[in-house]
Undergrad: 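Dropping a structure here in structure tokens format, bear with me for questions.
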2 protein chains.
Amino acid sequence: MNDGATGTDAYEALRMAIAQRHAELPSRLQQVAEFVLDHPTDVAFGTVAEVASRTGVQPSAIVRFARAVGFNGFTEMQQVFRSRLVAGVAPSYKARLSRLKRDQGARLGRRPRAVLDGFLADAHSALESLSQSVTERDLDAAIALLAPARDIYLLGLGGSYPVVAHLAYVLRKLGRRVVLLDGIGGSIGEQAHAATAADALIVVSFRSYYPDTVRLFPELVARGVPTIAITDSLLSPIVAGARLVFEIPDMPEAAMRTMVAPLCLVQSLAIGLDLASD
Amino acid sequence: MNDGATGTDAYEALRMAIAQRHAELPSRLQQVAEFVLDHPTDVAFGTVAEVASRTGVQPSAIVRFARAVGFNGFTEMQQVFRSRLVAGVAPSYKARLSRLKRDQGARLGRRPRAVLDGFLADAHSALESLSQSVTERDLDAAIALLAPARDIYLLGLGGSYPVVAHLAYVLRKLGRRVVLLDGIGGSIGEQAHAATAADALIVVSFRSYYPDTVRLFPELVARGVPTIAITDSLLSPIVAGARLVFEIPDMPEAAMRTMVAPLCLVQSLAIGLDLASD
DNA sequence: TCCAAAATAGAATGAACATTCCAATTTCTG
DNA sequence: CAGAAATTGGAATGTTCATTCTATTTTGGA
């Protein structure tokens, strides 16, 4: 079963279907069709009464229209119009949809291919929402913060560790002095002991926040180390005190996470920093 | 910080206000605040009952929260969340994609935003080609190879290290026994010493292939350890002897690499393995 | 430990809603 | 120009919803 037809696709498909059938509809329903095509957002948010009044028809005409184009009622049609808005912004809803899609595929037999497709869909939407949520201003500010730093300290444990590991790799390749706070061979606190206001810190942490990260972060902030936080919520324990916060919301939980978005962000910071310092 | 307070601005202002007041709210309202910040889309579309149920509180708590942050009721607060979605509708997905591709040419441009867009475009296309190149048969075979393994050894150094680090994290979360060959505290060879035909090995390596990987890989193969290789070319030094090879071609070079595709692949292997062994 | 104040859960309430139904009207058809 | 069929308007219906209210629980202070 090729599903396609979720999110924007479903909306576009419906749009085409309405346009096609427009000619053969009774006049009042044509009127509805025109309004609906011209004001999709009103349909997404409005009630039957509102849409009817704006269209200039009776509420029942709206319901009849919805049925005429293949739905069981207005509410059902409205879902399609809402899904479009979700596809545009709204990472959470979208993420949930793709997760749903994945789960559906998995239910149909747990075939690994379906699992892969699910993660690919997640990854695509994560990248998409990253693209929308990151502003040029924040990127500039981040690079300005990192540029003068003597050493760049990286803190990310548990599921976030691969992100900082990658960042460490790239920054070192680019000739930067990096301290990766991984706690190997002793306490993290000792590794971070030399950090001062002349350095910089990049913290990466997602729910559920790794205890050592939560503990060490405020210490470094208190010592005046300029800090960039990459996390999933403004309420995360690594937000207060950070000079700059990149919020990457709606990450799936625990083992289901791919870290694709944070990786891309971090990569861009490193390369952007390198380009800026020539 | 005087915003015009309409559309997205109003939303951002509200978000900040909620984050600030979070600490001083009673606990149930804090709970609501967290959900609301993390799932704005659910608030935009949902009913009080839905939001309450997803948050895990009573409907009245939602209303109390809305009043606590300065509205007359839930409905009023919801308007702000809806306004954000309306503001974000304009550019269609396809338009954004093509813009992304166009900007890719500007990769050499130094503006960090262009750099990020470039990596995002790369990531998208990497995922796309991964989706095409991986066959269901290979995935099945990989999972069949991993399923009976006692311990799963992971080998990936340099730029590939984040991939295996992530894989190790996920597999351990799922209760698998994992040995991450990272060379910490001694030689990698010693870490791998216990590997036998009853175990399994996943090697990840991309050009230019890390010397230690190239050295250790044939040893393990010679000892009969069933091996899955993830690499960028069939000519790569970790292909010969591997039971199974996932080829992910066309990776950009060295520090420019994001590892997004291998990460997704590896994630799918782990989850697919877990699902298969229920 | 006890008391007062705040917070909360859950039921009650009344409004708003989508949907259904039917009589009135218009549009086809022979 | 009938007569039948389709379409339409508008009221009726049953449901769902946001909101309010109150009894109970929890919290904080003396």
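Within every chain, numbering begins at 1; the chains are lettered A, B, ... in the order of the sequence lines, protein sequences first and strands thereafter. Given the structure is predicted, the values throughout are model-derived calculations rather than measurements.
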Undergrad: Using whole Å, report how far CG of B:Leu25 lies from P of C:dT8.
TA: 9 Å
Undergrad: Got a sec? Which of residues 60-77 of chain B come in under 4.0 Å of DNA chain C, heavy atoms?
TA: B:Ser60, B:Arg64
Undergrad: Would you mind listing every ring pair (Phe, Tyr, Trp, His ring centres under 6.0 Å) that reaches into residues 44-79 of chain A, with sequence neighbours excluded?
TA: A:Phe45-B:Phe45
Undergrad: Taking protein heavy atoms under 4.0 Å as touching, what does nucleotides 24-29 of chain C look like 5' to 3' if B marks base contact, S marks sugar-phosphate-only contact and - marks none?
TA: ------
Undergrad: Without decimals, in angstroms, what is the distance between B:Leu29 CG and C:dA6 C1'?
TA: 11 Å
Undergrad: Residues in salt bridge (charged side-chain N to carboxylate O under 4.0 Å, His left out) with A:Asp42, at least two apart?
TA: A:Arg54
Undergrad: For the helix from C:dT1-D:dA30 to C:dG30-D:dC1, what is the angle between the axes at its two ends, each from 5 pairs, rounded to 10°?
TA: 30°
Undergrad: Give the table of side-chain donor-acceptor pairs shorter than 3.5 Å for residues 23-36 of chain B, with sequence neighbours excluded, one pair per line with atom names and distance.
TA:
residue: B:Glu24; atom: OE2; partner: B:Arg21; partner atom: NE; Å: 3.2
residue: B:Arg28; atom: NE; partner: B:Gln31; partner atom: OE1; Å: 3.1
residue: B:Gln30; atom: NE2; partner: B:His22; partner atom: O; Å: 3.2
residue: B:Gln30; atom: NE2; partner: B:Ala23; partner atom: O; Å: 3.2
residue: B:Gln30; atom: NE2; partner: B:Leu25; partner atom: O; Å: 3.1
residue: B:Gln31; atom: NE2; partner: B:Thr55; partner atom: O; Å: 3.2
residue: B:Glu34; atom: OE2; partner: B:His22; partner atom: NE2; Å: 2.9

Undergrad: Taking only the side-chain heavy atoms of A:Gln58 (C-beta and beyond), determine which of C:dT8, D:dG10, D:dC17 contains the nearest atom.
TA: D:dG10
Undergrad: Excluding sequence neighbours, so at least two apart, what forms side chain to side chain donor-acceptor pair (under 3.5 Å) with A:Tyr209?
TA: A:Asp232
Undergrad: Rounded to whole angstroms, how far apart are CD on A:Gln79 and P on C:dA18?
TA: 12 Å
Undergrad: Using the salt bridge (charged side-chain N to carboxylate O under 4.0 Å, His left out) criterion, which residues pair with B:Glu50? Sequence neighbours excluded.
TA: none
Undergrad: Return the set of residues passing side chain to side chain donor-acceptor pair (under 3.5 Å) with A:Thr231 (not counting sequence neighbours), or none when no residue passes.
TA: A:Ser236
Undergrad: Please tabulate, one pair per line, all N/O donor-acceptor pairs under 3.5 Å involving side-chain atoms of residues 215-226 of chain A, not counting sequence neighbours.
TA:
residue: A:Arg215; atom: NH1; partner: A:Asp212; partner atom: OD1; Å: 2.8
residue: A:Arg215; atom: NH2; partner: A:Asp212; partner atom: OD1; Å: 3.3
residue: A:Arg223; atom: NE; partner: A:Ala195; partner atom: O; Å: 3.4
residue: A:Arg223; atom: NH2; partner: A:Ala192; partner atom: O; Å: 2.7
residue: A:Arg223; atom: NH2; partner: A:His193; partner atom: O; Å: 3.3

Undergrad: Checking B:Arg177 now: which residues fulfil salt bridge (charged side-chain N to carboxylate O under 4.0 Å, His left out) with it, not counting sequence neighbours?
TA: B:Asp151
Undergrad: The criterion is salt bridge (charged side-chain N to carboxylate O under 4.0 Å, His left out); which residues satisfy it with A:Arg243, sequence neighbours excluded?
TA: none
Undergrad: Checking A:Ile188 against A:Leu157 for the side-chain contact (heavy atoms from CB on, under 4.5 Å) test, could you report, in this order, the C-alpha distance in whole Å, the side-chain angles of both residues, the deciding distance, and whether it holds?
TA: CA-CA 10 Å; A:Ile188 292 193; A:Leu157 300 168; 3.4 Å; yes
